[in-house]
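Below is one structure, written out as structure tokens, with a few remarks after it.
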Amino acid sequence: DALPISIKLPGSKSISNRMLLLAALAGAHLGQHAVMLLVVSAMLVGLGVVDDRFDLPANVRLMGHLTAAVLLVYGTGFRVADLGDLVGLGTLSLGKLALPFTVVACIALINAFNMLDGMDGLAGGVGATAFGGLAVLASMHGIPGALQLCICMVGALSAFLLLNVPISYNRSLRTFM
């Protein structure tokens, strides 16, 4: 007999565990960038789990996001160096503002994705699409560790999405992100 109550399982932990397992099974030499992506991802998952449990204040979450963004930017060396030709007057270079701009952009992306948290199908679909696009970029620019991690995330998110399709046989398996 099924229990008359619904127990929500934290999907973020299961997704991150699937990603780590898939990355380990892929067996590639990940490199510094991919390892830093894993460290920052684990940190954000941990922050999310603690927030779900204790309902952290916004300033604590923001400090966690800031720490993750700084680690990511400084740990990988990735930065937004310019904004391209936004207004037809030539490339708009950020110069010394490249690092702080990249950190702020990372924080904005983390928070934008968090706004999708209540809609798991949307968050999972957007995440899978984003990681699919990042996989293409990693492939084009010859970053094999990031490529493998992106492919692993697409796989983990696809499994999450398949288990959360609202059909009768998986009602007890559904999780939240």
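- Within the 4.5 Å cutoff, side-chain heavy atoms of Leu116 are placed close to those of Val126.
- Contact detail for Leu56 and Val60: the closest heavy-atom pair is CD1-CG1, 4.1 Å.
- No path of Ile, Leu, Val, Met, Phe, Trp and Tyr side chains, each step under 4.5 Å between heavy atoms, connects Ile143 with Tyr74, placing them in separate hydrophobic clusters.
- Rounding to the nearest 0.5 Å gives a distance of 6.0 Å between CE of Met36 and CG of Leu71.
- One hydrophobic cluster, built from ILVMFWY side chains closer than 4.5 Å, cannot hold both Val40 and Val70; they sit in different ones.
- For Ser139 (side chain) and Ala135 (main-chain N/O), no donor-acceptor pair under 3.5 Å exists by modelled atom type.
- Of all non-hydrogen atoms in Leu47 and Arg61, the two that sit nearest each other are CD2-O, 3.9 Å.
- At distances below 3.5 Å, not a single donor-acceptor pair connects side-chain atoms of Asp82 with backbone N or O atoms of Ser93.
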Verdict with supporting geometry, Val80 and Leu94, side chain to side chain contact (heavy atoms under 4.5 Å, CB included): CA-CA 8 Å; Val80 178; Leu94 293 173; 4.0 Å; yes
List the steps, then state whether side chain to side chain contact (heavy atoms under 4.5 Å, CB included) holds for Phe131 with Ile151. CA-CA 7 Å; Phe131 278 106; Ile151 290 171; over 6 Å; no
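- Of the inter-residue distances, the one linking Met153 atom CE with Phe160 atom CZ reads 10.5 Å to the nearest 0.5 angstrom.
- Within the model, atoms CG of Leu149 and CG of Leu134 stand 11.0 Å from one another, a figure rounded to the nearest 0.5 Å.
- Here the straight-line distance linking atom CZ of Phe78 with atom SG of Cys106 works out to 11.0 Å at 0.5 Å rounding.
- Across all non-hydrogen atoms, the minimal contact from Ala123 to Phe113 is O-CZ, 3.2 Å.
- Of all non-hydrogen atoms in Leu97 and Pro100, the two that sit nearest each other are O-CD, 3.3 Å.
- Both Met63 and Val73 are members of a single hydrophobic cluster when ILVMFWY side chains are connected at heavy-atom separations under 4.5 Å.
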Under the side chain to side chain contact (heavy atoms under 4.5 Å, CB included) rule, what do Arg79 and Val103 come out as? Steps first, then yes or no, please. CA-CA 8 Å; Arg79 59 191 47 102; Val103 168; over 6 Å; no
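- Ala69 and Ile107 make their closest contact through CB-CG1, 3.8 Å (heavy atoms, listed as atom of the first residue, atom of the second, distance).
- Atoms CD1 and CG, on Ile110 and Leu66 in that order, are 9.0 Å from each other to the nearest 0.5 Å.
- The two atoms that bring Ala68 and Leu44 nearest to each other are CB-CD2, 3.7 Å, heavy atoms only.
- Residues Leu137 and Leu109 do not share a hydrophobic cluster, clusters being chains of Ile/Leu/Val/Met/Phe/Trp/Tyr side chains in contact below 4.5 Å.
- The cluster map of Ile, Leu, Val, Met, Phe, Trp and Tyr, joined by side-chain heavy atoms under 4.5 Å apart, puts Leu62 and Met115 in different clusters.
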